[in-house]
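Taking it in order: structure first as structure tokens, then the write-up.
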Amino acid sequence: MAYVNPGNLMIDPSGPGSAHHYSVVSNPPPHPSVMHSQMPEHWVLPDGRHVAHLPRSLNYTPPMETFPPITFSVRGWPGVRIKDLTRNQVIVDDPYSTPMAHLGWRATVLNLEWPGYPRSTFHDPQISRFDVMTPQGPITRQDLATEVARVVRHFHQAAQNKNIAKGFEKWSLKEGIRPSDVILLSIHYYRTQWIPELYIFE
């Protein structure tokens with residue numbers, strides 16, 4: 001599949017400060033996670049860098065989701081860096097909204113489902129059970145993004161002692177991908193658990 005360049009806009013090589021650059025940044029594309037279709041294999045960030053979609057099985061793709069996803073964007077542009085979330089250096093759009101409040105749940109489960117790392121137990125480090133209802137009220141969009149970032153970072157550390165399955169070496173967390181390489185676009189609910197849509201810097 002060809003690169004998906006949102007809005008069919010090119011960033012001026014001179015980068016920030018050029019009129020073309022600001023034309024791109026001020027005209028963000030629709031969020032791909034709300035299309036209820038397969039996620040694009042590649043995505044382009046506002047600065048022109050390409051990121052690749054972390055593969056998902058057909059059971060965990062937007063057409064199979066139970067209800068609409070929870071999306072994350074920054075200044076209108078889909079996606080937020082895991083690195084910025086773990087360092088508290090970014091605020092997602094609509095950060096204080098409570099997108100799970102209407103579900104009436106006390107807690108729920110997030111599963112990274114990282115390709116090449118089969119789940120070993122319910123307490124596998126790529127799984128997180130977290131509170132939807134907190135002492136401060138329903139969990140916010142910002143806190144949801146931060147929870148995903150926390151799990152990515154935690155699983156990356158745990159994966160240093162794990163070997164990835166043959167054929168998935170491209171997605172290895174032991175020798176290749178770092179949390180700083182990961183972009184979060186959304187989380188989707190599939191029957192019993194939330195699974196994030198992640199992209200990786202190429």
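We're numbering straight along the sequence, starting at 1. Since the model is a prediction, treat every value here as computed from it, not as a measurement.
- Side chains of N163 and K174 form a contact here, defined as non-hydrogen atoms less than 4.5 Å apart.
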Subject >> Y190/N111 under side chain to side chain contact (heavy atoms under 4.5 Å, CB included): CA gap, chis, key distance, verdict >> reply: CA-CA 10 Å; Y190 300 100; N111 184 357; over 6 Å; no

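- The backbone N or O of E113 lies less than 3.5 Å from a partner atom in the side chain of R56, making a donor-acceptor pair.
- I70 and W77 are assigned to two separate hydrophobic clusters, defined by single-linkage of ILVMFWY side chains at heavy-atom distances under 4.5 Å.
- Annotation: side chain of E41 is not in contact with side chain of Q38 (no heavy-atom distance under 4.5 Å).
- The six-membered or imidazole ring of F168 lies away from that of Y117, with a centre-to-centre distance of 6.0 Å or more.
- Shown here for P99 and R141, the closest heavy-atom pair between the two residues is CD-N, 3.9 Å.
- Using a distance-only test at 3.5 Å, with no hydrogens or angles considered, no donor-acceptor pair links the side chain of T98 to the main chain of A101.
- The closest side-chain donor-acceptor pair between H154 and Q126, if any, does not fall under 3.5 angstrom.
- For E147 against S128, the heavy-atom pair with the smallest separation is OE2-OG, 2.5 Å.
- The nearest pair of heavy atoms linking G79 to L185 is CA-CD1, 3.9 Å.
- Scanning all heavy atoms of the two residues, the minimum distance from S33 to M39 falls at OG-CE, 3.3 Å.
- Two residues are said to be in side-chain contact when any heavy atoms from C-beta on lie closer than 4.5 Å; L110 and V148 meet this criterion.
- Taken to the nearest 0.5 Å, the CD1 atom of I183 stands 5.5 Å off from the CZ atom of R81.
- One hydrophobic cluster, built from ILVMFWY side chains closer than 4.5 Å, holds both L54 and I187.
- Residue K83 holds its NZ atom at 7.0 Å from CD of Q89, rounded to the nearest 0.5 Å.
- A donor-acceptor pair under 3.5 Å is formed between the side chain of S97 and the backbone N or O of D94.
- By the 4.5 Å heavy-atom criterion applied to side chains, V132 and L103 are not counted as neighbours.
- Applying the ring-ring contact (aromatic ring centres under 6.0 Å, His included) rule to F130 yields no partners; only residues at least two apart in sequence or on another chain are considered.
- The shortest distance between side-chain heavy atoms of W43 and P29 falls below 4.5 Å.
- Atom OH of Y96 sits in a sparse spot, with 12 or fewer heavy atoms from other residues, nucleotides or ligands closer than 6.0 Å.
- Remark: the backbone N or O of V151 is not paired with any side-chain donor or acceptor of H156 at under 3.5 angstrom.
- When all heavy atoms are compared, the tightest approach of E197 to P62 is OE2-CD, 3.8 Å.
- When the side chains of ILVMFWY residues are joined at heavy-atom separations under 4.5 Å, either directly or via intervening members, F67 and I139 end up in a single hydrophobic cluster.
- Contact between R178 and V182 at its shortest, heavy atoms only, is O-CG2, 3.6 Å.
- Residue R153 holds its CZ atom at 9.0 Å from OG of S180, rounded to the nearest 0.5 Å.
- Note on M100: it does not cluster hydrophobically with I195, by side-chain heavy-atom contacts below 4.5 Å among ILVMFWY residues.
- At a threshold of 4.5 Å between non-hydrogen side-chain atoms, the residues T86 and R150 do not count as touching.
- Remark: I164 CD1 to L173 CG distance equals 6.5 Å, nearest 0.5 Å.
- Rounding to the nearest 0.5 Å gives a distance of 14.0 Å between NE2 of H188 and CE of M64.
- For H53, the ring-ring contact (aromatic ring centres under 6.0 Å, His included) partners two or more places apart in sequence, or in a different chain, are Y199.
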Subject >> Full working for side chain to side chain contact (heavy atoms under 4.5 Å, CB included) between H36 and E65 >> reply: CA-CA 8 Å; H36 202 63; E65 64 193 0; 3.2 Å; yes

Subject >> Pair Y189-T108, side chain to side chain contact (heavy atoms under 4.5 Å, CB included): steps then yes or no >> reply: CA-CA 10 Å; Y189 193 73; T108 192; 4.0 Å; yes

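- Note that CD of Q193 is 10.5 Å distant from CG of L112, once rounded to the nearest 0.5 Å.
- With contacts defined as side-chain heavy-atom distances shorter than 4.5 Å, the pair W114/L198 qualifies.
- Residue V90 is grouped with residue L144 when hydrophobic side chains (ILVMFWY) are merged at heavy-atom distances under 4.5 angstrom, including chains of intermediate members.
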